[in-house]
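Just below is one structure, and these are the notes that go with it.
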Amino acid sequence: MQIQVPEISLWQVLPELIVLATAVGVLASDLFVKSVQRVNVTLTATLGLLIAFFTARSLEASATPIFAGMVVRDSLSILLDQIFLAGAMLVTWIGHEYARRNPRQFPEFTALVLFATIGMMVIAMSADLIPLFVGIELLSLPLFVLAGSDKDRLASGEASLKYFLLGAFSTGFLVYGIAFIFGVTRTTNLTVIGQSLAAHAEATPLLVLGFALLLVGLGFKISLAPFHMWAPDVYQGAPTPATAWIATGSKIAGFVALMRVFTLPDVSFAALSDYWTPGIWWLALITMIIGNAGALMQSDLKRMLAYSSIAHGGYLAMAFTSGTRIGAEATLFYMAAYLLMTVGAFGVAIAASRSGQECEKIADLSGLARQRPWLAFAMSIFMLSLAGMPGTAGFVGKLWLFGAAVQAQYYSLALIGVLTTLLSFYYYLRVIVYMYVHEPDDRLLFNRYSFSNGLALTVCAVGLVGLGVFPNLLWSTIRLCTGAV
Amino acid sequence: MESQTHLLTWMTFFPLIGAVLVLITPSRAKTFIKQLAFVFTLPSLALGVQMLRLYDPAAGLQFVERVSWISYFNIEYYIGADGLSVPMLFLTVLLCPICILASWGINDRVKGYFALFLLLETGMLGVFSALDFFLFYVFWELMLLPMYFLIGIWGGPRREYAAIKFFLYTLFGSVFLLIAMIVIYLNTGGSFDLVALREQIASSPLGSAARVQWWLFLGMYVAFAIKIPAFPFHTWLPDAHVEAPTAISVILAGILLKMGTYGILRIAYPLFPEMAQQFALFIAIIALINIVYGALCAMAQTDLKKLVAYSSISHMGYVMLGMAALTPEGMNGAVLQMFNHGTITAMLFLLVGVIYDRAHHRNIDGFGGLAKNLPIYSGFTCLAFFASLGLPGLSGFISEALVFLGAFPVFMVITIIGLSGIVITAAYILWTYQRVFLGPLNEKYAELPDCSIREQVMLYPLAFIVILLGVFPHLILQIFQPTMMQLIEIVTKG
């Protein structure tokens with residue numbers, strides 16, 4: 001029997017390899033260097049991510065799958081790589097600040113963030129259900145550890161366990177779904193699945209079951225209601241920089257997986273979309289309502305951001321349901337915006353600690369504007385962008401998310417989306433009111449925040465306003481991708 | 001007509017430059033910040049005067065600037081001014097420096113206050129000059145934010161409640177505007193061009209879908225009615241006014257309320273002319289409620305500022321009545337009333353602020369005989385009060401008379417009932433004047449100083465305009481008359 005060796009084109013996955021090498025290097029540094037300087041770890045990670053970022057930029061996009069049809073280096077995967085790498089860089093920077101106060105988890109923290117990033121990048125380039133699954137595992141395992149990395153806090157351990165159990169559970173759904181799909185189509189290759197579906201327009205119950213299970217599994221990852229239960233507890237309990245990466249990277253990767261599975265290149269999913277569209281429609285609706293209603297009642301900053309992140313998952317799902325090109329573009333744009341504003345918001349939560357006391361309640365931000373005007377100003381931008389105020393990227397993104405829903409004639413969905421957005425202004429503005437209007441109860445002063453954190457926040461804030469005023473900067477790149485999707 | 005001068009852009013964004021400069025000034029230099037803010041409202045005022053000089057009423061849209069902004073969605077930076085926007089723009093640039101003077105007493109977080117104020121000015125000018133629907137919406141929302149903080153941080157005791165109420169109310173309305181904008185955009189093949197949209201809608205599937213049009217018009221009406229504020233969406237106004245600092249009340253009543261009626265005339269009417277006719281009676285009835293109910297509420301107030309706030313509701317009713325009539329007199333009266341109410345009510349709020357600064361309360365029954373010791377103050381108040389009740393020879397009279405003249409042939413019964421509003425207005429204003437200024441002097445206030453030079457500087461220009469337009473109303477009428485005639489033609493033909 002002749003064994004065929006698939007063509008190995010390592011150049012095409014160079015960004016992933018660079019990140020891998022950086023991660024291993026960071027992890028190993030602890031073994032060989034007696035006392036690792038935090039600065040050096042962060043600088044190494046930044047350098048590695050930067051090189052990977054520019055390598056990804058310089059790659060030639062091609063729609064032909066490589067590695068025996070396992071992965072594809074299309075313009076979508078290249079764009080997403082850049083988004084993930086930029087996100088990882090920001091998280092590393094805000095994590096640097098956090099590690100100053102909790103030095104025990106360093107440099108494992110940075111290494112784990114990088115490992116998770118590789119998982120995300122693998123998901124982004126999957127052309128087959130197997131690498132997709134591998135990517136999701138590669139992403140999840142470091143995040144489980146990250147969630148529990150604050151060993152002294154009970155809440156952190158609880159968060160980790162909860163996240164792990166539900167994550168494992170959702171993986172079960174995912175694998176089960178893949179198995180059913182494989183059973184019906186006898187392949188895991190997404191292109192071939194698409195072709196065979198197009199050939200037999202009939203969707204068998206087994207196939208529908210397979211896709212439904214897949215949807216549930218990914219629904220856990222992107223915390224769509226009713227699969228969102230874990231999110232508030234995990235977000236609250238996990239160390240804040242880990243929360244930031246769970247809330248952004250993991251969620252975006254989940255949507256990317258959905259995108260890869262449910263919108264395939266040159267295959268019409270018309271036969272199936274009748275089955276999965278109503279499903280996502282309802283998930284989007286419930287998620288928007290539960291996310292916003294939940295956020296309304298929180299007094300804990302991270303829990304509020306958790307519910308807000310659930311709500312934003314709902315908005316993304318809404319545009320995703322539309323299945324239109326504008327919907328896909330809006331989803332991609334909003335992913336980038338969401339990354340910036342959420343990492344920024346968590347970054348402020350880290351920076352706004354007061355002598356030995358982490359910022360937990362929204363009320364802990366009282367008086368921030370007087371002592372740290374730039375922090376308060378940046379946080380205002382993040383909150384306003386999350387709410388969707390014109391002039392920020394959040395508005396442009398949201399406008400086209402709603403536009404996509406209206407175009408697909410999902411009027412009720414768009415209306416619920418707009419009304420819940422209205423509701424969200426209340427709890428986002430409350431944060432700003434605390435920072436600018438209220439005075440702190442005690443006389444504790446806010447700590448100075450480090451350069452890296454300030455840099456991350458500045459990048460996020462400038463990026464949000466920049467993309468809000470000139471969305472063309474990113475949209476032109478996105479256009480290239482959806483031409484292929 | 002393309003202008004090479006970028007007059008409107010400079011006018012709109014000069015205050016923003018000022019805001020940035022204020023932000024980078026150290027917060028200890030309080031007086032310098034105030035001076036800086038004042039100085040940066042002046043170029044816009046100068047450009048506003050220049051705009052009045054250059055504007056040619058016969059030539060339609062002018063000072064047009066058009067640059068592609070977000071090309072993928074056909075969004076443009078498209079601004080210009082016609083007869084409708086010129087008076088509103090001028091009103092804005094006129095009131096802003098005056099309001100900065102009125103804010104001289106602000107001593108807490110001076111930097112934030114003046115930076116937000118200048119940002120607010122840019123937002124307002126943007127709303128009045130935008131000709132791209134998206135741009136309009138951006139400015140419309142952007143302006144909310146400084147307003148929210150200006151009320152919420154520098155306001156009275158219940159400021160947070162008032163600010164969030166104002167914010168959520170307006171935002172609730174904007175949601176419908178947003179949906180209407182998206183639907184129109186998707187149905188016209190991707191257009192935000194407010195000038196061209198009318199024809200694009202007529203030739204699109206929307207043009208024949210009367211039901212959808214009805215809903216879209218209703219959505220826009222709600223968005224703008226909240227801002228006017230039209231009954232039953234008016235309840236945010238008294239709260240916001242009572243809590244807001246003086247200068248912000250002036251902006252709120254003088255300019256923000258006009259945005260509601262401006263939006264209807266600029267967007268709702270021309271885009272859906274048939275609906276404008278269908279809704280005319282409805283708007284007239286709401287206008288009547290505003291006029292009579294607002295005046296009756298004003299009469300019942302004991303707080304001087306609340307009284308002025310309710311009188312604003314009543315006076316905006318005249319604007320709506322004239323607008324609903326769709327006759328030349330009615331429409332011109334409506335726009336004239338928008339401008340006049342802007343100047344008169346600004347005076348009223350400034351005057352309330354002056355007395356509040358001295359007596360630290362606004363209770364109408366708590367004064368008495370003030371005319372004896374405060375001749376200048378009483379004189380200004382007398383003028384503003386009489387302008388407000390529509391005394392012939394002052395500007396308020398002309399616009400109210402025009403509105404009733406225009407509305408009478410169309411809505412006879414409504415106009416006749418509406419005329420009672422004038423009587424009620426006269427009653428509460430005279431009664432208030434009597435209680436505050438006449439009668440025996442309240443000994444507590446025997447030592448109050450009269451208006452300072454700064455206060456007189458803010459009041460004289462407004463008083464001058466009130467008298468000038470009362471005698472020569474055509475000075476401003478001629479600016480917007482051709483535009484209004486054109487609008488009437490569009491609506492009645494449609």
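All values reported here derive from a predicted model rather than from experimental measurement. Below, all heavy atoms of this structure are taken into account, side chains as well, without hydrogens, waters or symmetry copies. Chain identifiers are assigned alphabetically (A, B, ...) following the order of the sequence lines, protein sequences preceding nucleic acid strands; residue numbering begins at 1 within each chain.
- Heavy atoms from other residues, nucleotides or ligands lying under 6.0 Å from CH2 of B:W10 number 12 at most.
- Note on A:V396, A:T421, A:L423, A:L384: by heavy-atom pairs under 4.5 Å with chain B, the leading option is A:L384.
- In this structure B:R266 satisfies the salt bridge (charged side-chain N to carboxylate O under 4.0 Å, His left out) test together with B:D82, sequence neighbours excluded.
- Going from atom CZ of B:F176 over to atom CG of A:L415 covers 6.5 Å, rounded to the nearest 0.5 Å.
- With sequence neighbours left out, the salt bridge (charged side-chain N to carboxylate O under 4.0 Å, His left out) criterion links A:R303 to A:D233.
- Here the CZ-OG1 distance, from A:F425 to B:T170, works out to 11.5 Å after rounding to the nearest 0.5 Å.
- Side-chain atoms of B:W69 never come within 3.5 Å of backbone atoms of A:F470 as a donor-acceptor pair (strictly under, hydrogens ignored).
- A 6.0 Å sphere centred on CZ of B:F172 holds no more than 12 heavy atoms belonging to other residues, nucleotides or ligands.
- Judged as a salt bridge (charged side-chain N to carboxylate O under 4.0 Å, His left out), and not counting sequence neighbours, B:E160 has no contacts.
- The contact between B:I179 and chain A is made entirely by side chain atoms (from C-beta outward), counting heavy-atom distances below 4.5 Å.
- Only the side chain of A:V433 has a heavy atom closer than 4.5 Å to any heavy atom of chain B.
- A pairwise comparison of heavy atoms in A:M389 and B:E141 identifies SD-O, 3.8 Å as the closest pair.
- When heavy atoms are compared at a cutoff of 4.5 Å, A:R430 does not approach chain B at all.
- For B:L168, the parts lying near chain A are the backbone and the side chain together; criterion is any non-hydrogen pair under 4.5 Å.
- Neither the backbone nor the side chain of B:F139 comes within contact range of chain A; no heavy atom of the residue lies under 4.5 Å from a heavy atom of that chain.
- Contacts between A:S476 and chain B at a heavy-atom distance below 4.5 Å involve backbone atoms as well as side-chain atoms.
- Between chain B and the options A:I326, A:L422, A:V418, A:V469, the largest number of non-hydrogen pairs under 4.5 Å is found for A:L422.
- Within a 6.0 Å sphere centred on OH of A:Y411, other residues, nucleotides and ligands contribute more than 12 heavy atoms.
- Of the inter-residue distances, the one linking B:F73 atom CZ with A:E329 atom CD reads 6.0 Å to the nearest 0.5 angstrom.
- Within a 6.0 Å sphere centred on OH of A:Y426, other residues, nucleotides and ligands contribute 12 heavy atoms or fewer.
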| request: Take A:Q407 and B:I182 through the test side-chain contact (heavy atoms from CB on, under 4.5 Å) and record every step on the way to the result. | output: CA-CA 9 Å; A:Q407 199 183 32; B:I182 294 177; over 6 Å; no
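- Using a 4.5 Å cut-off between heavy atoms, B:L171 touches chain A through backbone and side chain atoms alike.
- Taking the six-membered ring wherever Trp is involved, the centroid distance between the rings of B:Y185 and A:W400 falls below 6.0 Å.
- Taking non-hydrogen atoms and a 4.5 Å limit, the residue list of residues 142-154 of chain B in contact with chain A, ordered by number, reads B:L142, B:L145, B:Y148, B:F149, B:G152, B:I153.
- Using a 4.5 Å cut-off between heavy atoms, A:L399 touches chain B through backbone and side chain atoms alike.
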